[in-house]
Peer 1: 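This is the structure I have questions about; it appears just below.
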Amino acid sequence: MDELSVKYLHYKPIPLSDLIGTKKDPTKMFEVKLDELCNYASEDSDVTYRLYEVLDKELKKNNLTKLAYEIEFPLIPVLEDIEREGIRVDKGILNSLSKDLLILLDNYTKKIYEACGEEFNINSPSSYRRYYLIS
């Protein structure tokens with residue numbers, strides 16, 4: 001939320017780390033002075049509401065309200081559960097997929113070199129300019 005505040009409101013809120021340190025131990029919140037905690041909570045509420053107003057306008061302006069409220073927002077509890085509980089990953093399938101993708105990448109790389117008539121660093125921005133902007 002702090003980053004969104006800087007981006008959309010041009011305002012840097014009080015960082016949580018100023019109150020509880022960088023270890024992000026939530027129990028440290030009980031050690032914060034009441035006036036500091038009140039200032040933080042008030043600012044947090046204000047920034048949240050102000051961001052809501054800005055982002056709601058953005059959704060409407062880009063015709064994304066229906067998508068947000070009917071698809072994206074209802075997924076939040078599901079994604080929260082996944083983040084909290086984790087997911088099971090089949091390492092065998094991932095390894096197999098990785099090998100398949102490496103083969104595809106190698107084949108596409110060879111095709112690019114053939115089309116250009118020479119080998120070069122495909123990931124280099126200067127190569128992009130040389131082969132696509134000049135040609």
Peer 1: State whether the side chain of Asn62 and the backbone N or O of Leu64 hold a donor-acceptor pair below 3.5 Å, judged by distance alone.
Peer 2: no

Peer 1: Heavy atoms, side chains only, cut-off 4.5 Å: are Met29 and Leu16 in contact?
Peer 2: yes

Peer 1: Please report the interatomic distance CD(Glu72) to NZ(Lys66), rounded to the nearest 0.5 Å.
Peer 2: 14.0 Å

Peer 1: If two hydrophobic side chains count as joined below 4.5 Å and joins carry through other members, does Met1 share a cluster with Leu9?
Peer 2: yes

Peer 1: Quick one: CG on Leu34 to CG on Asn39, what's the gap to the nearest 0.5 Å?
Peer 2: 9.5 Å

Peer 1: With a 4.5 Å limit on heavy-atom distance, are the side chains of Leu51 and Val47 in contact?
Peer 2: yes

Peer 1: With no hydrogens and no angle check, is any side-chain donor or acceptor of Ser5 less than 3.5 Å from a backbone partner on Tyr11?
Peer 2: yes

Peer 1: In terms of hydrophobic clustering (I, L, V, M, F, W, Y; side-chain heavy atoms under 4.5 Å; direct or indirect links), are Leu94 and Ile87 co-clustered?
Peer 2: yes

Peer 1: Take Lys12 and Asp2 through the test side-chain contact (heavy atoms from CB on, under 4.5 Å) and record every step on the way to the result.
Peer 2: CA-CA 6 Å; Lys12 185 177 184 325; Asp2 290 358; 5.9 Å; no

Peer 1: For Ile71 and Leu75, which heavy atoms make the closest approach, and how far apart are they?
Peer 2: O-CG, 3.4 Å

Peer 1: Are a donor atom and an acceptor atom from the side chains of Tyr40 and Glu36 found within less than 3.5 Å of each other?
Peer 2: no

Peer 1: State, to 0.1 Å, how close Val32 and Ile20 come at their nearest heavy-atom pair, and which atoms those are.
Peer 2: CG2-CG2, 4.2 Å

Peer 1: Side-chain heavy atoms under 4.5 angstrom apart, residues restricted to Ile, Leu, Val, Met, Phe, Trp, Tyr: same cluster for Tyr69 and Tyr49?
Peer 2: yes

Peer 1: Working to the nearest 0.5 angstrom, can you tell me the gap between Asp106 CG and Lys111 NZ?
Peer 2: 11.5 Å

Peer 1: Is a side-chain donor-acceptor pair under 3.5 Å present for Tyr8 with Glu3?
Peer 2: no

Peer 1: Is the closest side-chain heavy-atom distance between Asp46 and Glu43 below 4.5 Å?
Peer 2: no

Peer 1: Does any part of the side chain of Ile122, heavy atoms only, come nearer than 4.5 Å to the side chain of Thr109, both counted from C-beta?
Peer 2: yes

Peer 1: Tell me, yes or no, whether the heavy-atom count around Tyr113 atom OH, taken from other residues, nucleotides or ligands under 6.0 Å, exceeds 12.
Peer 2: yes

Peer 1: Are Leu59 and Val54 co-members of a hydrophobic cluster defined by side-chain heavy atoms under 4.5 Å apart?
Peer 2: no

Peer 1: For residues Ile82 and Val89: do they belong to one hydrophobic cluster (side chain heavy atoms under 4.5 Å, members Ile, Leu, Val, Met, Phe, Trp, Tyr)?
Peer 2: yes

Peer 1: Is Phe73 atom CZ crowded by more than 12 heavy atoms from other residues, nucleotides or ligands, each under 6.0 Å away?
Peer 2: yes

Peer 1: Check the pair Tyr108 / Leu104 against side-chain contact (heavy atoms from CB on, under 4.5 Å), numbers first and verdict last.
Peer 2: CA-CA 6 Å; Tyr108 285 127; Leu104 280 172; 4.3 Å; yes

Peer 1: Any non-hydrogen side-chain atom of Leu101 less than 4.5 Å from a side-chain atom of Leu105?
Peer 2: no

Peer 1: Quick one: CD1 on Ile14 to OG on Ser42, what's the gap to the nearest 0.5 Å?
Peer 2: 9.0 Å

Peer 1: Looking at Glu58 and Lys61, is any side-chain nitrogen of the basic one under 4.0 Å from a carboxylate oxygen of the acidic one?
Peer 2: yes

Peer 1: Indicate yes or no for a side-chain donor-acceptor contact from Asn95 to the backbone of Lys91 under 3.5 Å, with no hydrogens or angles considered.
Peer 2: yes

Peer 1: For side-chain contact (heavy atoms from CB on, under 4.5 Å), just list the numbers for Asp56 and Glu53, CA-CA rounded to whole Å, side-chain angles, deciding distance to a tenth of an Å, and then say yes or no.
Peer 2: CA-CA 5 Å; Asp56 188 57; Glu53 290 181 316; 6.0 Å; no

Peer 1: Could you report the tightest heavy-atom contact between Pro77 and Pro74, atom names first, then the distance?
Peer 2: CD-O, 3.2 Å

